Amino acid sequence: DVKVTQSSRYLVKRTGEKVFLECVQDMDHENMFWYRQDPGLGLRLIYFSYDVKMKEKGDIPEGYSVSREKKERFSLILESASTNQTSMYLCASSFWVRGANVLTFGAGSRLTVL
Amino acid sequence: AQSVTQLDSQVPVFEEAPVELRCNYSSSVSVYLFWYVQYPNQGLQLLLKYLSGSTLVESINGFEAEFNKSQTSFHLRKPSVHISDTAEYFCAVTGGGGSNYKLTFGKGTLLTVNP
């Protein structure tokens, strides 16, 4: 089974702090994603990466950046955390099946910004 | 652009009753459709997917969904639910061509199974 591991399940940070969320996958997938999940809004794509050092903006990239220096690791960075970034963050990696991009998710990182 | 509408935000049912969670999508290209399930305090797990072929797809735990192209729907059904099916269910769509990296999710349906 593919494993997507998010290093922190729960984090509490203060406004203005720099926050790193780490994600590692063990199945040599090329594509990796960061989503944000909020009640009533579902999942919204922040960034994705289709190769090492490559990244693409999703629907809500403002206030976030990402880093992919190695194939298995995809980091989400909040340069200066704000209270409206309090949320559940979900990382995923994916593989191609008959032209479709099939995602496998990690357990999530719940971030609270005070 | 593609979008997904899950018509019910919450669905309460009694154990052993049938359930249908509704999902409609819009897309200008051919689509691939998914249902994911999220149990409390966990990430999303793939429940089933439609890629091509038979329009009726099944999961290992008794759920099924039918792709209906004319009605642009992909409703999820189970003939008899268990307490353990209590979870949030997300419908998702991805398209062909250059947009198919992106999976667009609905806002979710919380299924609560009561004894």
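Please read these numbers as outputs of a predicted model, since none were measured by experiment. Quick note: numbers below take in every heavy atom, side chains included, and nothing from hydrogens, waters or symmetry partners.
Residues F105(A) and F48(A) are members of one and the same hydrophobic cluster, defined by side-chain heavy-atom contacts under 4.5 angstrom among Ile, Leu, Val, Met, Phe, Trp and Tyr. Both L78(A) and I60(A) are assigned to one and the same hydrophobic cluster, defined by single-linkage of ILVMFWY side chains at heavy-atom distances under 4.5 Å. Transitive grouping of hydrophobic side chains (ILVMFWY, heavy atoms separated by less than 4.5 Å) keeps L56(B) and V31(B) in distinct clusters. In the hydrophobic cluster analysis, where Ile, Leu, Val, Met, Phe, Trp and Tyr join through side-chain heavy atoms closer than 4.5 angstrom, V102(A) is grouped apart from F74(A). Clustering ILVMFWY residues whenever any of their side-chain heavy atoms sit less than 4.5 angstrom apart, transitively, puts F90(B) in a cluster other than the one holding L110(B).
Only the side chain of L90(A) comes within contact range of chain B, with at least one heavy atom under 4.5 Å from a heavy atom of that chain.
Residues L51(B) and A100(A) approach most closely at CD2-CB, 3.4 Å, considering heavy atoms.
Counting non-hydrogen atoms of other residues, nucleotides and ligands closer than 6.0 Å to CD1 of I60(B) gives a total of 12 or fewer.
The stretch residues 57-75 of chain B participates, sequence neighbours left out, in no salt bridge (Lys or Arg N to Asp or Glu O under 4.0 Å) pair at all.
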Assess whether side chain to side chain contact (heavy atoms under 4.5 Å, CB included) is satisfied between L45(A) and F105(B), documenting all intermediate values. CA-CA 9 Å; L45(A) 181 63; F105(B) 287 85; over 6 Å; no
Every donor-acceptor pair from chain B to chain A under 3.5 Å, please, each on its own line.
{"from": "Y32(B)", "atom 1": "OH", "to": "R98(A)", "atom 2": "O", "distance (Å)": "3.3"}
{"from": "Y36(B)", "atom 1": "OH", "to": "L103(A)", "atom 2": "N", "distance (Å)": "3.3"}
{"from": "Y36(B)", "atom 1": "OH", "to": "L103(A)", "atom 2": "O", "distance (Å)": "2.7"}
{"from": "Q38(B)", "atom 1": "OE1", "to": "Q37(A)", "atom 2": "NE2", "distance (Å)": "2.7"}
{"from": "Q38(B)", "atom 1": "NE2", "to": "Q37(A)", "atom 2": "OE1", "distance (Å)": "3.0"}
{"from": "N41(B)", "atom 1": "O", "to": "R9(A)", "atom 2": "NH2", "distance (Å)": "2.6"}
{"from": "G43(B)", "atom 1": "N", "to": "A107(A)", "atom 2": "O", "distance (Å)": "3.4"}
{"from": "S52(B)", "atom 1": "OG", "to": "R98(A)", "atom 2": "NH1", "distance (Å)": "2.9"}
{"from": "N100(B)", "atom 1": "ND2", "to": "G99(A)", "atom 2": "O", "distance (Å)": "3.2"}
{"from": "Y101(B)", "atom 1": "O", "to": "N101(A)", "atom 2": "ND2", "distance (Å)": "2.9"}
{"from": "K102(B)", "atom 1": "NZ", "to": "D59(A)", "atom 2": "OD1", "distance (Å)": "2.5"}
{"from": "K102(B)", "atom 1": "NZ", "to": "D59(A)", "atom 2": "OD2", "distance (Å)": "3.0"}
{"from": "L103(B)", "atom 1": "O", "to": "Y35(A)", "atom 2": "OH", "distance (Å)": "2.8"}

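Between the CG atom in L43(A) and the CG atom in L44(B) there is a gap of 5.5 Å [rounded to 0.5 Å].
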